[in-house]
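Below: one structure, written as structure tokens.
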Amino acid sequence: MTLSPQQIQEQPIQVGVVMGSRSDFDTVSGALTVLAQLGVGYEVRVLSAHRTPQLLSSYAVRAERLGFSAIIAAAGGAAHLPGMLAAYGRVPVLGVPVQSRALSGQDSLLSIVQMPAGIPVATFAIGPAGARNAALFAAAMIATTDAALRQRLDAFRAAQTRAVLDDAYFEGHPQAGEA
């Protein structure tokens, strides 16, 4: 079940996608693709925990007021963005570490995953794979109360399974040959 571009635009915003700087867009672009494929309404913002702290706090409060189901927050370096969003609001934050030049994103991963008890941030893999999984996780959370999205998510997962099973080199596939 695929939605048309117009149907996607008509979806209410359920997920905020936030990045610490415009250079993080390559990391989050896969998340936007997944959300669009599944028909989950989203908005994108660039907010910095260090350069725009007042804007960041008002965004967290606004996301809660508007009933967002999740915020996907991608950050590199010190990666304070996801934790600060979680501290300012109650909307679940899904942290995506951005791969950096200095430490290949390990610094970002540790900054996000090591949140103190009481301020949870779900943390995903470093880079674009983490962003895609954060989008799928957000969709799965929303699908617990949205039957139409649940059907689209099931179809998405079934298509992934078919892609593996249809691969002629898949072990067990009739064309794969004997091991």
Could you grab the distance from atom [atom1] of [X] to atom [atom2] of [Y], nearest 0.5 Å is fine?
| X | Y | atom1 | atom2 | answer |
| --- | --- | --- | --- | --- |
| L94 | I72 | CG | CD1 | 5.5 Å |
| M84 | H50 | CE | NE2 | 8.0 Å |
| L85 | I119 | CG | CD1 | 11.5 Å |
| D26 | M19 | CG | CE | 9.5 Å |
| S108 | H80 | OG | NE2 | 10.5 Å |
| L149 | D154 | CG | CG | 9.5 Å |

When you measure from the side chain of [X] to the backbone of [Y], do you find a donor-acceptor pair of N or O atoms at a distance under 3.5 Å?
| X | Y | result |
| --- | --- | --- |
| R132 | A31 | no |
| T144 | A140 | no |
| D24 | S21 | yes |

Which pair of non-hydrogen atoms, one from [X] and one from [Y], has the smallest distance, and what is that distance?
| X | Y | result |
| --- | --- | --- |
| A73 | V93 | CB-CG1, 4.1 Å |
| P82 | A75 | CD-CB, 3.8 Å |
| V121 | T123 | O-OG1, 3.3 Å |
| G20 | V46 | O-CG1, 4.0 Å |
| A125 | P97 | O-CD, 3.5 Å |
| V91 | S69 | CG1-C, 4.0 Å |

Check your understanding: Could R62 and E64 be called an ion pair, given the rule that one side-chain N must be under 4.0 Å from one carboxylate O?
Key ->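 Salt bridge flag = no for E64 with R62.
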Review point. side-chain contact (heavy atoms from CB on, under 4.5 Å) with Q14: which of L35, L66, V40?
Key: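 For Q14, the side-chain contact (heavy atoms from CB on, under 4.5 Å) check succeeds only for V40.
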Same cluster or not: are [X] and [Y] linked, directly or through other Ile, Leu, Val, Met, Phe, Trp or Tyr residues, by side-chain heavy atoms under 4.5 angstrom apart?
| X | Y | result |
| --- | --- | --- |
| M141 | V17 | yes |
| V44 | F124 | yes |
| I126 | V34 | no |
| L38 | V28 | yes |
| F68 | Y42 | no |

Practice item. Give the C-alpha distance, both sets of side-chain angles, the deciding distance and a yes or no for side-chain contact (heavy atoms from CB on, under 4.5 Å) between S100 and D107. Key: CA-CA 8 Å; S100 61; D107 51 341; 3.2 Å; yes
Check your understanding: V15 and I71: side-chain contact (heavy atoms from CB on, under 4.5 Å), yes or no, with the steps?
Key -> CA-CA 5 Å; V15 177; I71 298 172; over 6 Å; no
Check your understanding: Judged by modelled atom types alone, do Q54 and Y59 share a side-chain donor-acceptor pair under 3.5 Å?
Key ->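 Side-chain D/A pair, Q54 to Y59: absent.
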Review point. Side-chain contact, heavy-atom cut-off 4.5 Å: L32 with F25?
Key: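 Heavy-atom side-chain distance check passes, below 4.5 Å.
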Exercise for review: Applying side-chain contact (heavy atoms from CB on, under 4.5 Å), run through F156 and L136 and close with a yes or a no.
Suggested key: CA-CA 10 Å; F156 179 91; L136 288 166; 3.5 Å; yes
